[in-house]
**Q** 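What follows is a single structure, and I will ask about it in a moment.
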Amino acid sequence: MKRIAVLTSGGDSSGMNAALRAVVRSALSSGLEVVGINKGYKGIIDRNYAMMNTRSVSNILQRGGTFLQSARCKEMMEEPGQNLAAENLKGMGVEGLVVIGGDGSLRGALSLHRRGIKVIGIPASIDNDIPYTSMSLGVDTALNNIVYAIDCLKDTASSHDRAFIVEIMGRNCGYLTLVAAIACGAEHALIPETPFDISRICENLRKRYREGRDNSIILVAEGVATAQEISNRIKDCIGFESRIMVLGHYQRGGSPSSFDRLLGSRFGQGAVQALVEGESGKMIGLSASKMKLTDLEKVLTGKIRPIDKSMVELSKSLDI
Ligand code: F6P
């Protein structure tokens, strides 16, 4: 193998730059040439790319987002686009590809593997919905962002005897909402994976209000409902005056945490090593603190990573 390419695809997440840097630098130290593809799979279709050297990835480790930019590429969801992408990569002399992104991006990676390109995927998504890795890249930074925001909200909530209903990203996965609730001491976390009872929630909030508590924080995963919808259902029966907050894309940005810088670096180096060793059609993941490869076929069964039962138990014992 002489030349590999790397791209970031789908929703960005903090730590993608650390992974790009590690891919480029470890490939160069293994004697490989590296092509950086701009704007995800769209960059393969449009032949939008540049050769990378060690300086190309200087001073990006501490930056959120992705310096190669990202996109959700409709063409890659259909066979003609997948065929064109494989042809274009071959035309660029690319024999191996590292794809950094979420489940949709890994699906694109699998389609290229089936067309003869050697591919390794790196799981990167704040949702933490990808199975066969205990953490995806960007989750830890997003969690820190959420906790910071909620600490701020608690200050103002406590000054006014208010409840805040906060909407958290995660698509159909409640991981971020659940762990954020534990980390910031929220009163309730509404997630898609476990049932909840709105009247019990209202009763509990009323009780808190009667007891003289000066704030309440209710987190709602976007896969359950909007903060506005939950607010409409509870605002008149909780005692507290309430406000909503949609954290939105704020959660995805910002300087990556040390954990995500390390994870991105490990994923990037591990992906290149896998390509050098002749692996393909696999995702690198974090398992029991070690790097582990899993077949993309197995990762992409359509089932999201099940919610961590120990976190659900922990939240229950903390009365969330
Ligand atoms: O998958 C990452 C994610 O941030 C989800 O949590 C969210 O539902 C979605 O992407 C938002 O997508 P977009 O950036 O296209 O608005």
Side-chain angles (χ1 to χ4, degrees), residues 7-17 19 38-43 64-77 99-110 121-150 165-181 183 189-193 219-230 244-257 260 263-264 267 283 285 296 299-300 302-308 311:
L7 60 82
T8 48
S9 161
D12 67 313
S13 66
S14 255
M16 279 182 161
N17 281 328
N38 297 309
K39 299 182 193 286
Y41 289 110
K42 187 92 181 80
T66 157
F67 88 102
L68 285 182
Q69 295 195 288
S70 189
R72 302 192 197 275
C73 176
K74 286 203 181 106
E75 288 101 316
M76 266 311 275
M77 293 173 190
V99 170
I100 306 171
D103 59 344
S105 312
L106 297 176
R107 234 168 265 288
L110 180 58
I122 292 181
S125 163
I126 65 162
D127 303 341
N128 218 24
D129 55 350
I130 303 169
Y132 297 100
T133 184
S134 52
M135 286 292 262
S136 290
L137 195 53
V139 175
D140 185 65
T141 305
L143 178 61
N144 287 327
N145 289 344
I146 295 166
V147 168
Y148 177 76
I150 291 172
I165 299 126
V166 186
E167 185 179 318
I168 309 286
M169 272 185 172
R171 252 181 233 283
N172 300 316
C173 179
Y175 178 89
L176 261 187
T177 304
L178 180 64
V179 294
L190 279 49
I191 61 171
E193 293 87 348
L219 303 191
V220 53
E222 66 172 343
V224 167
T226 63
Q228 187 64 63
E229 282 162 352
I230 298 298
I244 64 160
M245 171 87 205
V246 179
L247 288 181
H249 292 78
Y250 157 83
Q251 293 160 97
R252 285 209 321 229
S255 182
S257 64
D260 278 326
L263 187 64
F267 277 163
M283 181 192 83
L296 282 170
V299 173
L300 299 169
K303 289 185 194 143
I304 62 170
R305 190 171 159 266
I307 198 82
D308 186 336
M311 289 293 174

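Because only heavy atoms are used, hydrogens play no part in the values below, and waters and symmetry mates are left out as well, while side chains stay in. Order of appearance sets the numbers: ligands from 1, and atoms from 1 within every ligand.
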**Q** Quick one: which of Leu190, Leu143, Thr177 gives a side-chain contact (heavy atoms from CB on, under 4.5 Å) with Ile168?
**A**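 Going through the options one by one, the only one that passes is Thr177.
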
**Q** For Ser14, check side-chain hydrogen bond (donor to acceptor under 3.5 Å, both in side chains) against everything at least two apart and list the hits.
**A**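 Scan of Ser14 (side-chain hydrogen bond (donor to acceptor under 3.5 Å, both in side chains), adjacent residues dropped) gives none.
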
**Q** Just to verify, what does Ser255 make a side-chain hydrogen bond (donor to acceptor under 3.5 Å, both in side chains) with, not counting sequence neighbours?
**A**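 For Ser255 the side-chain hydrogen bond (donor to acceptor under 3.5 Å, both in side chains) partners, ignoring immediate neighbours, are Arg261.
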
**Q** Just to verify, what does Arg252 make a side-chain hydrogen bond (donor to acceptor under 3.5 Å, both in side chains) with, not counting sequence neighbours?
**A**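 Here the qualifying residues are Asp12.
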
**Q** Between Glu222 and Arg171 (salt bridge meaning N to carboxylate O under 4.0 Å), is one present in this structure?
**A**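 Judged by the 4.0 Å cut-off on N to carboxylate O distance, Glu222 and Arg171 do not form a salt bridge.
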
**Q** Is the Lys NZ or Arg CZ of Arg305 less than 6.0 Å from the centre of Tyr175's six-membered ring, within 45° of the axis?
**A**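 Ring-cation test returns yes.
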
**Q** Strictly under 4.0 angstrom, heavy-atom based: which residues surround ligand 1?
**A**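 Its neighbours under 4.0 Å (heavy atoms only) are Arg72, Asp127, Met169, Gly170, Arg171, Glu222, His249, Arg252, given by chain and number.
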
